[in-house]
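Keep in mind that this is a model prediction, so the values were computed, not measured.
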Amino acid sequence: MSTALQYPGPEAAIRGLPLEERRGIYAMWCVIATEGALFASFFAAYFYLGSNKERWQVDHPPKLLVAFILLAILVASSFVLEWGKRRVRERRYAAGRLLLAVTIFMGLVFLALQGYEYKDHWKTLTPFSDSYGSIFYVITSFHAAHVIVGLLMLTYVLVLPRYAPARETPFRPYETVALYWHFVDVVWVFVVLILYVIPHLIAHG
């Protein structure tokens, strides 16, 4: 009797691989550490340039109202996304997908308002005005780029065909992307404090 060699199918091969459930979370923390170091370098450059008062004239610091509105939008979006993550863990996938879409919408509103803010600031502050103007646009535009990347990640999770994991584990893509979005929000807190609030305190102190 002849016997044919039987090879395991792709699904069996995948099941046989060791699985580290939190490897995506660990990778995202590495990304956050790297990007956090970049923002820390920008903030250090900000204070270094500010030490040269001959090239640092902040006669018209950025307006606080729009910055605080932008801050409120991002902080609220983090709460919405965290709420959605909890719904997914409860296997309420439709609610989680809806809250994820709301988060994306809030991120788009943030970018639109920041574009309006740039247009308003350009009347009195440009990258060529002085050192402050240069580093202001570098930091805020760099943060905006991270918001765009975060929105692309959120959109990827949003369009995934199914949220139920193959194994009985929490839904990792939602959790991993939420971690990055929270990082973007925390960075904006420091941006508002350093680039908006402190110049206002100095100008009106």
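The distance from the CG atom of Leu193 to the CZ atom of Phe43 is 9.0 Å, given to the nearest 0.5 Å. Between atom CG of residue Leu64 and atom CD1 of residue Ile69 there is a gap of 11.0 Å, rounded to the nearest 0.5 Å. Atoms CD1 and OG1, from Ile25 and Thr176 in turn, are 3.5 Å apart once rounded to the nearest 0.5 Å. Considering NE2 of His121 and CD of Glu117, their distance stands at 4.0 Å, rounded to 0.5 Å. Within the model, atoms CG of Leu100 and CG of Leu160 stand 9.5 Å from one another, a figure rounded to the nearest 0.5 Å.
Residue Trp83 places its CH2 atom among 12 or fewer non-hydrogen atoms of other residues, nucleotides or ligands, all under 6.0 Å distant.
Under the 3.5 Å distance criterion, with hydrogens and angles disregarded, no donor-acceptor pair is assigned to the side chains of Gln114 and His143. In the model, Trp181 has a side-chain atom that pairs as donor or acceptor with a side-chain atom of Ser77 under 3.5 Å.
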Just distance, no hydrogens or angles: give the donor-acceptor pairs under 3.5 Å from side chains in residues 184-191, sequence neighbours left out.
{"residue": "Asp185", "atom": "OD2", "partner": "Ser78", "partner atom": "OG", "Å": "2.1"}

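Across Leu81 and Ala178, no two heavy atoms sit closer than the pair CD2-CA, 3.5 Å. The nearest pair of heavy atoms linking Leu151 to Ile104 is CD2-O, 3.7 Å.
You'll find the side chain of Met28 reaches within 4.5 Å of the side chain of Val31, heavy atoms only. Proximity of Leu154 to Tyr180: side-chain heavy atoms (C-beta onward) are nowhere separated by under 4.5 Å. Two residues are said to be in side-chain contact when any heavy atoms from C-beta on lie closer than 4.5 Å; Phe105 and Phe110 fail this criterion.
Judged by distance alone, the side chain of Tyr132 and the main-chain N or O of Leu195 form a donor-acceptor pair under 3.5 Å. Under a 3.5 Å cut-off, the side chain of Arg87 and the backbone N or O of Tyr93 do not form any donor-acceptor pair. Checking side-chain atoms of Ser134 against main-chain N and O of Ser131 turns up no donor-acceptor pair under 3.5 Å. At distances below 3.5 Å, at least one donor-acceptor pair connects side-chain atoms of Tyr174 with backbone N or O atoms of Gly96. A donor-acceptor pair under 3.5 Å is formed between the side chain of Tyr118 and the backbone N or O of Ser141. Judged by distance alone, the side chain of Tyr196 and the main-chain N or O of Lys63 form no donor-acceptor pair under 3.5 Å.
Considering Val149, Thr155, Val157 as possible partners of Met153, the one that fulfils the side chain to side chain contact (heavy atoms under 4.5 Å, CB included) test is Val149. Checking Phe142, Tyr46, Trp122 one by one against Tyr137, the ring-ring contact (aromatic ring centres under 6.0 Å, His included) holds for a single residue, Trp122.
A single hydrophobic cluster is not seen to contain both Phe128 and Ile135; linkage of ILVMFWY side chains at heavy-atom distances under 4.5 Å, directly or through other members, places them apart. Cluster membership check: Leu98 does not share its hydrophobic cluster with Leu108, using side-chain heavy-atom separations under 4.5 Å among Ile, Leu, Val, Met, Phe, Trp and Tyr.
The pair Glu175-Arg89 meets the salt-bridge criterion, since a charged nitrogen lies less than 4.0 angstrom from a carboxylate oxygen.
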Problem set entry | Derivation and outcome, side-chain contact (heavy atoms from CB on, under 4.5 Å), residues Val88 and Arg92 | CA-CA 5 Å; Val88 169; Arg92 298 171 58 184; over 6 Å; no

